[in-house]
Amino acid sequence: MDLSPDLSRVSGRDRDPVPAATAPTGIPTWENASPTRTLPSSAPTADEPTDDLTHDPTRDPTDGPTDDPTRHRSSGSSDASVATNPSGTRRVTRRSLRAASAAAEQAERDRSPVEPVDTEVAAAPGAGPSGAPVVPQPSRSTRRSRRAAASSTPPRPVVDVDVVVIGAGQAGLSAAYHLHKAGLVPVGDRGWQDAEATFVVLDDAPAPGGAWQHRPPGMRVADAHGVHDLPGMPLLVPDPTESAAKAVPYYFSQYEEAFGLHVQRPVAVTRVEEEPADEAPAAGRRLVVTSHLVDEPDVEVVWRARGLVNASGTWRKPFWPTYPGRAAFRGRQLHSRDVLDPADLADGHVVVVGGGTSAAQLLLALADVTTTTWVTRRPPTWRDGQLTPELGRAAVALVAERTRAGLPPGSIVSVTGLPLTDAYRAGIASGVLRARPAFSRIVADGVVWDDPVPPPVPAGEQVDGVLPALGAWVGGDAHVAARTIVWATGYRPALDHLASLRLRGERGGIVMDGTRVAADPRVHLVGYGPSASTIGANRAGRDAVRDLLGHLALR
């Protein structure tokens, strides 16, 4: 299957290309082309400063439209030299878009202001001081005129859709599946320009697979807990020792192709903002989504949507905690996501900070090549037996309670604990998976504890499968020299592109009602908070689509 970023290719079912997704910045809107329209020059652009998410937590909620499924449709072109699609409208390709963009830029340069001609010198022939004919000379542009010409950006193309999905990981693909199943047509499918309701999926990754394609090659499918089927198509992995970084992206790729989701990639969303009130249709204001090709930032397109499903995940926003003396450390510091081969860290002692699954797996892998020290903020919680559905639901409920209250979502593993597998038992017995409490500070050659004696953790009895004694902190030297510190401290939701909507409240999180942002029913967050797990992401995609389509009167 062709996974190249050529967004204009036609799939095996002879679907139309995706014209707007490859539109470069500055292309004029053709009246007889695709259903693109141009926002007025007063519309906000991606170059404007972005507000912080914490600003204006008391923003009044704005209800989105409740109907108006119609949209502007343009007539087909009569130019016989231009390729047309089955519906008769002009087919817009990369080549035609770039040619039009170049023509628009040349026209803009031709209109640039120039210095006035000296009328005494450039008068009619014979008007010169000596009476000789004088030929008018071409005028030279001034620095001011060149700046004015450079800042005069032609309007960007705008495509109207009903729903934009940002991200094509587990949650994004689940939402796209349910949108398609509900009758919405994906941008790029055959005849999408004339469909009554449409959606588009934008993903900034170079290929299918979500965050799985960035996992260490050595992580096996058997080690990667939480790999679940996408709706409508089971995940079949004949060899559990296969690399998860290959098996899961292959599955996602087959899924996108099987259901014709036409994910647009690599397309990055830089800004989501409210449509200007004076330009909004009578049915209500829409969301303006600015995007561009990752490998060609000047190839930009704006999507105007009635609803948004955000599934941008967390992978692109690793969390680096602040510790005293961190800047003084002379060794290397890495986030766990950047450790692809543990052998690269075999040149000295490694301190691993973090109490989740990624930390435990990394410690076991590093044990084969070097020595390690494990540091956690809380004593590790080891749970005997499998993660039951009841425990999973209880964990999701606790995280959902936080998001309903407008608090930042906590991690699922902080509730469920770590599964006590045979490999983990062996790591505990060998001492590799015995943790120390957080150090007091970082120094140039390592880390220091002011009090190397850890607080006691009651042994207690097993309660709900948790074994407190196994997670008790251990003591050690007051100073541990290290070549590397690995921060296995997790991630934060990647929501910077939503800053202009000012969704975050005064308690640090976004007040949620299920997957819906309480302050704006047009916006749903999937893969956020309680739906951050893969099984929760499937359910969240379904629930978000059902709720959003009900709000937009599309079901």
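The model shown is predicted, which means the values in this text are computed figures rather than measured ones. When a residue number appears, it is its place in the shown sequence, counting from 1.
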Could you give the side-chain donor-acceptor pairs of residues 338-346 under 3.5 Å, partners two or more places apart or in another chain?
residue	atom	partner	partner atom	Å
Asp341	OD1	Ala343	N	3.1

key: Heavy-atom check, side chain of Thr489 versus side chain of Trp320, under 4.5 Å   = no
Under-4.0 Å salt bridge between Arg265 and Glu256 = yes
key: His497: which of Thr270, Thr290, Asn310 passes side-chain hydrogen bond (donor to acceptor under 3.5 Å, both in side chains)   = Asn310
request  = Please say whether the positively charged group of Arg326, taken as NZ for Lys or CZ for Arg, lies over the ring of Trp487, i.e. under 6.0 angstrom from the six-membered ring centre and within 45 degrees of the axis.
outcome  = yes
Check: Trp315 and Gln213 side chains under 4.5 Å, non-hydrogen atoms = no
Set of residues satisfying side-chain hydrogen bond (donor to acceptor under 3.5 Å, both in side chains) with respect to Arg377, sequence neighbours excluded = none
message = Whether the Asn538 and Gln170 side chains hold a donor-acceptor pair (N or O, under 3.5 Å, no angle test) is what I'd like checked.
response = yes
message = Rounded at 0.5 Å granularity, tell me how far CH2 in Trp374 sits from CG in Leu366.
response = 13.0 Å
Nearest atoms (heavy-atom pairs only) where Ser312 meets Leu495 = OG-CD2, 4.1 Å
message = Rounded to the nearest 0.5 Å, what separates atom CD1 in Ile510 from atom CG in Leu407?
response = 12.5 Å
query = Salt bridge check: are Arg483 and Asp445 linked by an N-O gap of less than 4.0 Å?
reply = no
request  = Count the heavy atoms belonging to other residues, nucleotides or ligands that lie under 6.0 Å from CG of Asp422, then report whether that count exceeds 12.
outcome  = no
ask   = Without hydrogens or angle criteria, can the side chains of Thr372 and His349 be said to hold a donor-acceptor pair below 3.5 Å?
value = no
key: Option from Val161, Val201, Leu202 for which side-chain contact (heavy atoms from CB on, under 4.5 Å) with Val187 holds   = Val161
query = Quick one: is the NZ or CZ of Arg436 closer than 6.0 Å to the six-membered ring centre of Trp449, and within 45° of its axis?
reply = yes
ask   = Does Asp162 pair with Arg286 as a salt bridge, N-O distance under 4.0 Å?
value = no
message = Taking the basic N atoms (NZ, or NE/NH1/NH2) and the acidic carboxylate oxygens, is any pair closer than 4.0 Å for Arg516 and Asp543?
response = no
query = Should the pair Tyr177 and Phe259 be assigned to parallel (<30°), tilted (30 to 60°) or perpendicular (>60°) ring geometry?
reply = perpendicular
task = Compute whether any side-chain donor of one residue and acceptor of the other, for Arg271 and Ser500, lie under 3.5 angstrom apart.
result = yes
